[in-house]
Amino acid sequence: MSRRRAALSRFVRVAAWLSVGALVWLSWIPRDWEARTSLPGQAEHAIAYAGTAGLFVLGYGAALRWWRIGLPLIALGAVMEIGQLWVPGRTAQVVDFVASGSGALLGALGGTIVARRMFKAAPPAR
């Protein structure tokens with residue numbers, strides 16, 4: 001692996017873990033602290049988890065099976081939703097969990113496809 005690719009990989013890994021931190025923070029802040037987009041909440045969940053999964057795939061390589069990234073993020077989504085039961089003004093909803101889990105799986109699958117194409121070995125020179 002080239003030095004440039006190794007540095008990029010480290011950067012993306014850090015971004016992936018910071019995304020997990022952001023998911024935890026945004027899931028467990030009180031409703032009064034929230035800043036929302038104009039998208040439906042479930043779309044926000046799906047996009048956030050898909051992006052996080054994609055970063056993990058790109059950072060750790062497509063050699064990881066997509067489910068090794070998707071399943072832990074699904075578990076994280078479940079913990080985040082359950083934890084909202086104790087956060088003022090927040091509610092835990094199954095539909096939000098489904099959106100998060102779907103986003104995690106789609107992001108892991110999509111990231112795997114992109115990573116395999118990006119990191120495919122170049123054909124030998126003739």
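- Remark: the backbone N or O of Leu105 is not paired with any side-chain donor or acceptor of Trp66 at under 3.5 angstrom.
- A 4.5 Å side-chain heavy-atom check between Trp33 and Val87 finds every atom pair outside the cut-off.
- In this structure, Ala53 and Ala104 approach most closely via the heavy-atom pair CB-O, 3.4 Å.
- Side chains of Arg90 and Leu85 form no contact here, defined as non-hydrogen atoms less than 4.5 Å apart.
- Across Glu44 and Leu39, no two heavy atoms sit closer than the pair OE2-O, 3.9 Å.
- Val114 is not connected to Leu109 by any chain of hydrophobic side-chain contacts under 4.5 Å among Ile, Leu, Val, Met, Phe, Trp and Tyr, and they are in different clusters.
- Between Met80 and Leu23 there is no side-chain heavy-atom pair separated by less than 4.5 Å.
- Leu55 and Ile74 fall into different hydrophobic clusters, where Ile, Leu, Val, Met, Phe, Trp and Tyr side chains are chained together by heavy-atom contacts under 4.5 Å.
- Under a 3.5 Å cut-off, the side chain of Ser9 and the backbone N or O of Arg5 do not form any donor-acceptor pair.
- Side-chain heavy atoms closer than 4.5 Å link hydrophobic residues (I, L, V, M, F, W, Y) into clusters, and following such links, even through other members, never connects Leu71 to Leu58.
- Checking side-chain atoms of Glu81 against main-chain N and O of Val94 turns up no donor-acceptor pair under 3.5 Å.
- At least one donor-acceptor pair under 3.5 Å links the side chain of Gln84 to the backbone N or O of Ser27.
- The cluster map of Ile, Leu, Val, Met, Phe, Trp and Tyr, joined by side-chain heavy atoms under 4.5 Å apart, puts Val20 and Ile69 in the same cluster.
- Here the side chain of Ser100 pairs no donor or acceptor atom with the backbone of His45 at under 3.5 angstrom.
- The minimum heavy-atom distance linking Leu26 with Ile29 is given by the pair O-CG1, 3.7 Å.
- Under a cut-off of 6.0 angstrom, the local environment of CZ in Arg31 is crowded, with over 12 non-hydrogen atoms contributed by other residues, nucleotides or ligands.
- Here Thr52 contributes atom OG1 and Leu18 contributes atom CG; the two are 10.5 Å apart, rounded to the nearest 0.5 Å.
- With contacts defined as side-chain heavy-atom distances shorter than 4.5 Å, the pair Phe97/Ile82 does not qualify.
- What you find for Ala108 and Gly70 is that their closest heavy atoms are CB-N, 4.1 Å.
- In the displayed structure, Arg36 atom CZ is contacted under 6.0 Å by more than 12 heavy atoms of other residues, nucleotides or ligands.
- Hydrophobic cluster membership differs between Tyr49 and Ile113, with clusters built from Ile, Leu, Val, Met, Phe, Trp and Tyr side chains linked at under 4.5 angstrom.
- Listed for the Arg13 side chain is no donor-acceptor partner under 3.5 Å among the backbone atoms of Phe56.
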